[in-house]
A.B. asks: 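Shown below is the structure under consideration.
In the text below, chain A, chain B and the rest are named by the order of the sequence lines, each starting its count at 1.
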Number of protein chains: 2
Amino acid sequence: MQNTPITLKFLAEKLKMSVSTVSKALNNYPTINEYTKKRVQEMARDLHFTPNKSAINLKERKSRIIGIILPNLLDYFFTRSIYGVEQFAMKNGYNVIISQSHDELEKEIQLADMLLKSRVDGLIVAISKNTQDFGHLDQFENMGIPVVYYTRNPSFNLSCHKVLGNTFQGCYQATKFLIDRGHKKIAYLGGPKMINFTHDRFNGYINALKDNNVPFKAELVAYTDFDKENTVSAIQNLFNDAENMPTALVAFKEPILFDAIKYLKSINHPKFNEIECIGFGNTPFISYLDSPPIASIEENPESVGENAIKLLLQLINREIEIQDYQKIMVDCQLVVH
Amino acid sequence: MQNTPITLKFLAEKLKMSVSTVSKALNNYPTINEYTKKRVQEMARDLHFTPNKSAINLKERKSRIIGIILPNLLDYFFTRSIYGVEQFAMKNGYNVIISQSHDELEKEIQLADMLLKSRVDGLIVAISKNTQDFGHLDQFENMGIPVVYYTRNPSFNLSCHKVLGNTFQGCYQATKFLIDRGHKKIAYLGGPKMINFTHDRFNGYINALKDNNVPFKAELVAYTDFDKENTVSAIQNLFNDAENMPTALVAFKEPILFDAIKYLKSINHPKFNEIECIGFGNTPFISYLDSPPIASIEENPESVGENAIKLLLQLINREIEIQDYQKIMVDCQLVVH
DNA sequence: AATAGCATTTCAAACGTTTGAAATAATTGA
DNA sequence: TCAATTATTTCAAACGTTTGAAATGCTATT
């Protein structure tokens, strides 16, 4: 048991050559004789040699660890996005530390410090809804560690790398879909105003209205953060005017939409069955709802995650200059249920 | 920008002492003078010295990486359990590689090999529903790398470390609860028979019946794997006998339960509203269902995860002998909605 | 004043790689 | 055949720590 680990040295002794020849043979150096390479590589394969990552990392002054900060793993979008990140990171020899801010700035700062101490080679972050000052994240770039913001990002700041869902297009499509089904009074229920793409989504909504000559009415727009009472009062506002009673609803996120639906049902809204809803997310749970949304906006979280890690690795490998700020958009699809 | 990293050597030069003194001072060696320690520690703090993990790992012949294999991150139980693992691992300087088998043995074997190559210091695994041969996992222990099975584990095998929910007790409690509410015909809908604790749960169910003098009827028991058609036909079996029509149902897992409820509703089961259901999981989504289960069995996934990583670290640190096989149970709670 | 004994610090090797420079071997040309 | 090339291999240092052994400094004892 507990066999001595296979190292370059061990291979070298077996093959009666120097450690450096073995190393270079395995790394396919052109100065190494082809036959030697073959011998070394075969031996390495047979003995199941695996290079020691710690040694390589030490030598290369890298940790091969990517940090991720996101609000909450229980959020369906983030869980799925992680999958894209992990897959691609792993394929490239990187490990990922996932950490949850619980949407609290305080915690986010702590995690950032922790990750900085862990010497991550790069950071992927979806900021908390309260993050407006970026000192704790800027320190990464100041130390030459690239940062990619994904999904939630500082809207006003052009000097950062961003990967995000094309939430404008998604919302445009959803609104258009409802218009095409004959709706004239489509409400928009936005998310926390602090989250930047709340506004992109709103713009998608409003542009779809405009392009299709549906008059915009300010009474049909309300915002909520993620807690229930807030959502309920937003919905009350939207549906309290008999004149302008909405017949359709586009919501920032499915959990919010579910709260809305639940509320409308609970008050026995007279036209409840005619109201058609769409939200961002495409949660599998929808199939269990008695009054499901008519469609969902699929945000392709895996793809967002994968694009974020791809970009980050390019930055880490200096294939893209760190100040050459990128903005990558991932399109949404409308999924009709 | 890109300031030279703070190393022991750097500190040593600043303080005009040797690297080893600095190292020992920071590690609180008794042979180092107290005053020296103070000076070193202060300097380290002021300069934000962080020891280089790669170097330490190389020296200590450790990777400080824990591997996790689980079926699916989109499963609410596993997502939550991860949280417990990550928190505790991080606190102890370990990183975690999470990998998903998608409940396929083939993929599980691949992942195991990958993690072995990554030289993880330990492995936490919830096996796929098809895992019956354990060669790919046994090789870890053969190389002295401890393995902890959590939740899903090889039931017949006593020679392994296990951390699992006390699913017997959870199911007992749920059944008892239904009996106390006057039910006499309580159906049990089990999960895949390959998953070992399907039987523990069944035993909880049956013992609760026995202890409360409710006669057991074989017709009231059915099994399903996780796909819908399967669940539907199981439910059909349970509810096709007018004589023994169940008035309550205990289900292996909430998603299965939701499928069952959905089906019963869809066929306009005459006594649908009287049927009371309980499933394992306590998914937050329940609040959006029109016909929610009357209660949920909360499995405390975070705690299961935390217990698994705690045990694993003890094994890694040889605080527990690797052959001194442990079995840790985490109790469930019944949450009435 | 020399020495034993202790406290404290430093030396030096090791962990497993990578890599430029130096050394050696093989081949070519005259 | 000998030098000049070229091909191939080896040396040696470095990455940043840890740690037992050796060295140094100091105090107390005689």
Side-chain angles (χ1 to χ4, degrees), chain A residues 2-41 43-44 47-65 93 117-121 143-144 317, chain B residues 2-41 43-44 47-65 93 117-121 143-144 317:
Chain A
Q2 196 67 304
N3 28 16
T4 44
I6 313 295
T7 65
L8 288 186
K9 194 173 156 204
F10 184 82
L11 291 181
E13 278 161 11
K14 273 246 170 210
L15 290 159
K16 295 186 197 310
M17 46 177 91
S18 76
V19 172
S20 30
T21 308
V22 176
S23 169
K24 286 173 178 169
L26 289 174
N27 290 308
N28 210 29
Y29 268 52
T31 68
I32 301 293
N33 181 288
E34 284 304 320
Y35 176 62
T36 311
K37 280 185 193 172
K38 198 157 292 169
R39 282 180 58 219
V40 172
Q41 281 159 6
M43 174 107 304
L47 270 65
H48 301 107
F49 167 76
T50 328
N52 182 314
K53 276 267 176 61
S54 299
I56 295 176
N57 294 346
L58 175 58
K59 190 81 234 291
E60 296 188 343
R61 293 149 158 276
K62 280 188 162 199
S63 66
R64 289 195 174 265
I65 296 175
K117 278 201 179 169
S118 297
R119 286 198 160 81
V120 294
D121 290 341
M143 295 188 63
N317 299 328
Chain B
Q2 197 69 301
N3 27 14
T4 44
I6 312 294
T7 65
L8 287 186
K9 194 174 156 202
F10 184 83
L11 290 182
E13 279 161 11
K14 273 247 169 206
L15 291 160
K16 297 185 195 311
M17 46 178 92
S18 76
V19 173
S20 33
T21 307
V22 176
S23 170
K24 287 174 176 168
L26 290 174
N27 290 307
N28 210 27
Y29 269 53
T31 68
I32 301 294
N33 181 289
E34 285 305 319
Y35 176 63
T36 312
K37 281 185 193 171
K38 199 157 293 167
R39 282 180 59 217
V40 173
Q41 282 160 4
M43 174 110 302
L47 272 65
H48 302 108
F49 167 76
T50 329
N52 182 314
K53 276 267 176 61
S54 299
I56 295 176
N57 294 345
L58 174 59
K59 190 82 234 290
E60 295 187 345
R61 295 149 157 275
K62 281 189 162 198
S63 65
R64 288 191 175 266
I65 296 176
K117 279 201 178 167
S118 297
R119 286 200 162 80
V120 294
D121 290 341
M143 296 188 63
N317 299 328

A.B. asks: State, yes or no, whether a side-chain contact exists between B/N52 and B/T7 at a heavy-atom distance under 4.5 Å.
C.D. replies: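 A side-chain contact under 4.5 Å is absent here.
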A.B. asks: CG of A/L58 versus P of D/dT18: gap in Å, rounded?
C.D. replies: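 Nearest whole value for this atom pair: 12 Å.
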A.B. asks: If you round to the nearest 0.5 Å, how far is CG of A/N317 from NZ of A/K62?
C.D. replies: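 Answer for the NZ-CG pair, A/K62 versus A/N317, is 5.0 Å.
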A.B. asks: Give the residues of residues 27-39 of chain A touching DNA chain C, defined as any heavy atom closer than 4.0 Å, sorted by residue number.
C.D. replies: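 Heavy-atom contacts with DNA chain C come from A/N27, A/Y29.
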A.B. asks: To the nearest 0.5 Å, tell me how far B/K38 NZ sits from B/N33 CG.
C.D. replies: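 B/K38 atom NZ to B/N33 atom CG measures 10.0 Å (nearest 0.5 Å).
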A.B. asks: In Å, rounded to the nearest 0.5 Å, how long is the span from CG of A/L11 to CG of A/L26?
C.D. replies: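 Spacing of CG (A/L11) from CG (A/L26) equals 7.0 Å.
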A.B. asks: Looking at every heavy atom in both B/L8 and B/S23, which two are closest together, and how far apart are they?
C.D. replies: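 Closest approach of B/L8 to B/S23, heavy atoms only: CD1-CB, 3.7 Å.
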A.B. asks: What's the shortest heavy-atom distance between A/I6 and A/F49, and which atoms?
C.D. replies: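 Minimum heavy-atom contact is O-CD1, 3.5 Å.
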A.B. asks: In whole angstrom, give the distance that lies between atom CG of B/N57 and atom P of D/dC15.
C.D. replies: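 Roughly 18 Å, once rounded to whole Å.
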A.B. asks: Using whole Å, what does the distance between atom C1' of nucleotide D/dT10 and atom CD of A/E13 come to?
C.D. replies: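 After rounding, the gap between these two atoms is 15 Å.
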A.B. asks: Please write out the pairs of protein N or O atoms and N or O atoms of nucleotides 24-28 of chain D separated by less than 3.5 Å, giving the distance to one decimal.
C.D. replies:
none

A.B. asks: Mind checking what makes side chain to side chain donor-acceptor pair (under 3.5 Å) contact with B/D121, not counting sequence neighbours?
C.D. replies: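 Partners of B/D121 by the side chain to side chain donor-acceptor pair (under 3.5 Å) criterion, ordered by chain and then number, come out as B/S63.
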A.B. asks: Write down the distance between NZ (B/K62) and C1' (D/dT18), rounded to a whole number of angstrom.
C.D. replies: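 Checked: the NZ to C1' distance equals 14 Å.
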A.B. asks: Tell me every residue that passes salt bridge (Lys or Arg N to Asp or Glu O under 4.0 Å) with B/K37, counting only those two or more places apart in sequence or in another chain.
C.D. replies: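 With neighbours one apart ignored, the set is B/E34.
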A.B. asks: Quickly work out the B/I6 CD1 to D/dC15 P distance and round it to whole Å.
C.D. replies: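 Computing the B/I6:CD1 to D/dC15:P distance gives 15 Å.
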A.B. asks: Using the side-chain heavy atoms of B/S23, tell me which of these nucleotides is nearest: C/dG16, C/dT10, D/dT18.
C.D. replies: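 The nucleotide sitting nearest to the side chain is D/dT18.
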A.B. asks: D/dT17 C1' sits how many Å from B/R64 CZ, rounded?
C.D. replies: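 That distance rounds to 12 Å.
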A.B. asks: Checking the side chain of A/R119 only, and the main-chain atoms of B/S54 only, is there a donor and an acceptor separated by less than 3.5 Å?
C.D. replies: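 The answer is no, because no donor-acceptor pair under 3.5 Å joins these two groups.
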A.B. asks: Could you pull out the closest heavy-atom pair between A/T50 and B/K117, with the gap in Å?
C.D. replies: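 Closest heavy-atom pair between A/T50 and B/K117: CG2-O, 3.3 Å.
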A.B. asks: Distances for protein N/O vs nucleotides 11-14 of chain D N/O pairs under 3.5 angstrom?
C.D. replies:
| unit_1 | atom_1 | unit_2 | atom_2 | d |
| --- | --- | --- | --- | --- |
| D/dC11 | N4 | A/S20 | OG | 2.9 |

A.B. asks: Is the shortest heavy-atom distance from the side chain of A/V40 to the side chain of A/M17 under 4.5 Å?
C.D. replies: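 In contact.
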A.B. asks: Need the bend value for the helix from C/dA1-D/dT30 to C/dA30-D/dT1: angle between end axes, 5 pairs each end, nearest 10°.
C.D. replies: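 Rounded to the nearest 10 degrees, the bend comes out at 70°.
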A.B. asks: Could you measure the distance from the CD1 atom of B/I32 to the CD atom of B/Q41? Nearest 0.5 Å is fine.
C.D. replies: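 Going from CD1 on B/I32 over to CD on B/Q41, the span is 10.5 Å.
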A.B. asks: Any base atoms under 4.0 Å from A/I56, or only sugar-phosphate, or nothing? Heavy atoms, all strands.
C.D. replies: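 If one applies the 4.0 Å heavy-atom cut-off, A/I56 turns out to touch the sugar-phosphate alone, with no base involved.
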A.B. asks: Round to a whole Å and report the spacing from NZ of A/K53 to P of D/dC15.
C.D. replies: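 Distance check: A/K53 NZ to D/dC15 P gives 22 Å.
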A.B. asks: Looking only at non-hydrogen atoms, find the nearest pair between A/L58 and B/L58 and report the distance.
C.D. replies: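 A/L58 and B/L58 have their closest heavy atoms at CD2-CD2, 3.5 Å.
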A.B. asks: Starting from P on C/dG16, measure out to CZ on A/F10 and report it in whole angstrom.
C.D. replies: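 Taking CZ of A/F10 and P of C/dG16, I get 12 Å after rounding.
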A.B. asks: Looking at every non-hydrogen atom in both residues, tell me the closest pair between A/R39 and A/L15 and how far apart they are.
C.D. replies: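 So the minimum-distance heavy-atom pair works out to NH2-O, 3.5 Å.
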